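Proteins come first, then strands; the chains are lettered A, B, ... in the order of their sequence lines, and each starts at number 1. Because the structure is a prediction, the values reported are computed rather than measured.
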Number of protein chains: 2
Amino acid sequence: MALDDRKKQVLQAIVDDYVTTYEPVGSKSLIERHDFTVSSATLRNEMAELEKLGLLEKPHTSAGRIPSDKGYREYVDSLMRVDDLTESEKKEIEERISESVDEVTDILKNAADTLSETTGFVSLALSPRLQGSYLMQLKILMIEPGKALVVVVLSAGVVKDKVVRIPNFLTNEQLYKISSAVERHVAGKSLDEITYITLATSAKEESEIPESMLNQVLYEAYTAIKQADRLDVYLQGEHRMLSLPDFSELSRARDLLGTLSKDGMVAGYVNEIERTARDEGRDDTYMIRIGQEIALEGLDDCSFITTTYKLGDTISGNIGIIGPKRMDYSKVISQINFVRKKINDNIKRIYE
Amino acid sequence: MALDDRKKQVLQAIVDDYVTTYEPVGSKSLIERHDFTVSSATLRNEMAELEKLGLLEKPHTSAGRIPSDKGYREYVDSLMRVDDLTESEKKEIEERISESVDEVTDILKNAADTLSETTGFVSLALSPRLQGSYLMQLKILMIEPGKALVVVVLSAGVVKDKVVRIPNFLTNEQLYKISSAVERHVAGKSLDEITYITLATSAKEESEIPESMLNQVLYEAYTAIKQADRLDVYLQGEHRMLSLPDFSELSRARDLLGTLSKDGMVAGYVNEIERTARDEGRDDTYMIRIGQEIALEGLDDCSFITTTYKLGDTISGNIGIIGPKRMDYSKVISQINFVRKKINDNIKRIYE
DNA sequence: TTTGGCACTCGAGGTGCATGAGTGCTAAAA
DNA sequence: TTTTAGCACTCATGCACCTCGAGTGCCAAA
């Protein structure tokens, strides 16, 4: 898209104005608020052309123009400048990000809360994608007859566990034997490559437990392992969207919150963005999806901005916000970037 | 409150009508919809008296009457009849309540989801109150140098755990020793009576670990135990409130969702209801709070209906809904009662 | 005590009109 | 060729005004 300088300037001015006033911007007010060296009539012509290019649109004939999705896209891709936060803005965020937290999930929740508060939008955090990580330990602890706790320790120090039922008459010793046998066989393997077959056959060779008993335990252990890489999503600040003029129509707000409440959808979508980006070999610090680019119901007026945090070298997850597409992108991006940095710092602190 | 029969009848009819139509009900429409043997003028007189008694109120002069909080209270306390659900209603709920779930939290979430779907309101579930339960086991598992998992097993088979940091150079054996020593001392005690002092002094006598190392581990174990009885709350279906006419004003919806998002508040409040009820020696299957009786901001137009589920003989928690005070109380109560029964069944199934 | 009747209230919803911020287009100026 | 001034046109918004109807309270008769 080869826009001449003036067109760029006009588009940028319109986005800036619209984002702050939430009113369709017309040629006159544009002249008033910015120091263009040309007249409003000229701007009108420029605006008409930008509209032909699909970068602007009119809500109705006698109103000003607003940016289209494509217009926003052009804006974020090549017009916008992302500045660093000011010291006071940084301080404000730092005060909210607590350092006294020892678990990844808590770090993420805390960061997401902060993000929602500072942006005023919905924030979301995805748990780390663990499929590629390795199983380090697997313990099965007897809780009481018939009940055990399967503890799965993954590389990068992530711990997951699950209460499972086991045969009533299984003794502590027997359970211990099974547990060690299984652990010996699966330790060091990546989550992807562990299947029930490998787990079952290998374990059976070693222990002298009756097969019927063994099977149940193995099965439970297997499901515990498999569910360790379940993608959790944490959404925060939905109610904040109700304060935005963009959702002053109740029906919009309803659609939005309705979709957000199906949190598997959001998680899946963000995961998808991430995967696509990786497939395309892009390695941006942040990812943006605007309006219709998002194929989720009720999110036509929203944008996603997400970024990636790291857990060691190979494991990553996402955190970001869902806001109205009419937002101050550069500001929000700086905020997200800063929070991301804080998360990474905090995670490193925990895992030395 | 000694109402004569006709007044009762009138109040009941008004509540019933208002709840279904969401329109202030006037004397005429009341006559039309119900078969009163008197004229509208008589009803007008009755209604005027009911208003004097504070059971009805007028939104404005030329409109019909709506029940006041006190009116609703009278209705639920002595007018309403709670019927059993029909078979098909039961079936519908039973289909959603999954039986294949093995953890209490999952049972509760599943039940709350069901409740929100069938009522169309917000549902909430509180985790069981564990303060009074006994500590059965305490294990500290080494995850990697410097990091351990504290597993707390409580009576009634509830398991809680927490990842903690420990001194880097602590060996597996040392940790095991500490772990067993602590366990021997706290096992069988109730969560309330365990203090850091008792835990620390008793453990120190037994093990031969340097005190500085010991302290950190003990402290972490202690916090893990203490946080085991943290009250978790699960809220579901907030977005459904946006579809209700009661919250068609955006500002109301905003206030409501704003308060609900502070979930400690809701949890605290429900816990309080429960405590009060117990203090007063009441042992109802359900508890109702209407409108202004709830001292939370933005919930003036809401009612809480909660009920208690049991985990064994001594441990309990709550589940219920938050809906508009203009709701079909008897229907919702039946639904909640039925779901409660299902929860109790499911819990029993897990804990034999 | 009940009822019919009547005057009154007031919100909801419809119509009409003025306002003003916007537009596109054209013809003249640069 | 590009820019600009001017002009006719559009249309959402807000206000004033009106009507309608469902409600009320009260009074006098049954």
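Residue contacts shown for B:Ser40 are absent, as no nucleic acid heavy atom lies under 4.0 Å away.
Within residues 60-69 of chain B, the residues approaching DNA chain C are B:His60, B:Thr61, B:Ser62, by heavy-atom distance under 4.0 Å. Contacts of residues 41-51 of chain B with DNA chain D (heavy atom under 4.0 Å): B:Arg44, B:Met47.
Between A:Pro67 and A:Tyr18 the shortest heavy-atom distance is CD-CD2, 3.6 Å. The nearest pair of heavy atoms linking A:Met241 to A:Ile322 is CE-O, 3.6 Å.
Within the structure, salt bridge (Lys or Arg N to Asp or Glu O under 4.0 Å) pairs that include any residue of residues 322-339 of chain A comprise A:Asp69-A:Lys325, A:Glu89-A:Lys331, A:Asp246-A:Arg326 (at least two apart or interchain). Identified under the side-chain hydrogen bond (donor to acceptor under 3.5 Å, both in side chains) test for residues 288-302 of chain B, with sequence neighbours left out: B:Arg73-B:Glu293, B:Arg252-B:Asp301. Pairs of residues two or more places apart, or lying in two chains, that qualify as side-chain hydrogen bond (donor to acceptor under 3.5 Å, both in side chains) and include a residue from residues 24-37 of chain B are B:Asp17-B:Arg33, B:Asp17-B:His34, B:Ser27-B:Arg44.
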Yes or no on side chain to side chain donor-acceptor pair (under 3.5 Å) for A:Asp263 and A:Tyr234, after CA distance, side-chain angles and deciding distance? CA-CA 8 Å; A:Asp263 45 32; A:Tyr234 177 72; over 6 Å; no
Do B:Glu280 and B:Thr276 pass the side chain to side chain donor-acceptor pair (under 3.5 Å) test, and can you show the C-alpha distance, the side-chain angles, and the key distance before you say yes or no? CA-CA 6 Å; B:Glu280 293 174 2; B:Thr276 320; 6.0 Å; no
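Of all nucleotides in DNA chain C having an atom under 4.0 Å from a heavy atom of chain B, the first and last in 5' to 3' order are C:dT2 to C:dG11. Note that the first and last nucleotides of DNA chain D, 5' to 3', having any atom under 4.0 angstrom from a heavy atom of chain A are D:dT3 to D:dA12.
Paired with B:Phe304 under the rule ring-ring contact (aromatic ring centres under 6.0 Å, His included), one option of B:Tyr286, B:Tyr329, B:Tyr269 passes, and it is B:Tyr269.
In this structure A:Ser88 satisfies the side chain to side chain donor-acceptor pair (under 3.5 Å) test together with A:Thr86, sequence neighbours excluded. A search for side chain to side chain donor-acceptor pair (under 3.5 Å) contacts involving A:Asp83 returns A:Arg81, not counting sequence neighbours. Not a single side chain to side chain donor-acceptor pair (under 3.5 Å) links B:Ser334 to another residue, sequence neighbours left out.
Looking at heavy atoms from C-beta onward, B:Leu256 lies in side-chain contact with B:Phe247 at the 4.5 angstrom threshold.
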Give the dot-bracket line for DNA chain D from 5' end to 3' end: parentheses for intra-strand Watson-Crick or G-U pairs under 3.5 Å, square brackets for crossings, | for inter-strand pairing, dots for unpaired. ||||||||||||||||||||||||||||||
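A salt bridge links B:Arg282 with B:Asp284: the closest approach of a Lys/Arg side-chain nitrogen to an acidic carboxylate oxygen falls below 4.0 angstrom.
Judged by distance alone, with hydrogens and angles left aside, the side-chain atoms of B:Ser303 form no donor-acceptor pair with the main-chain N or O of B:Pro324 at under 3.5 Å.
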Listed pairs under 3.5 Å, donor-acceptor, residues 49-59 of chain B side chains, sequence neighbours left out:
{"unit_1": "B:Glu49", "atom_1": "OE1", "unit_2": "B:Lys7", "atom_2": "NZ", "d": "3.3"}
{"unit_1": "B:Glu51", "atom_1": "OE1", "unit_2": "B:Arg65", "atom_2": "NE", "d": "2.7"}
{"unit_1": "B:Glu51", "atom_1": "OE1", "unit_2": "B:Arg65", "atom_2": "NH2", "d": "2.9"}

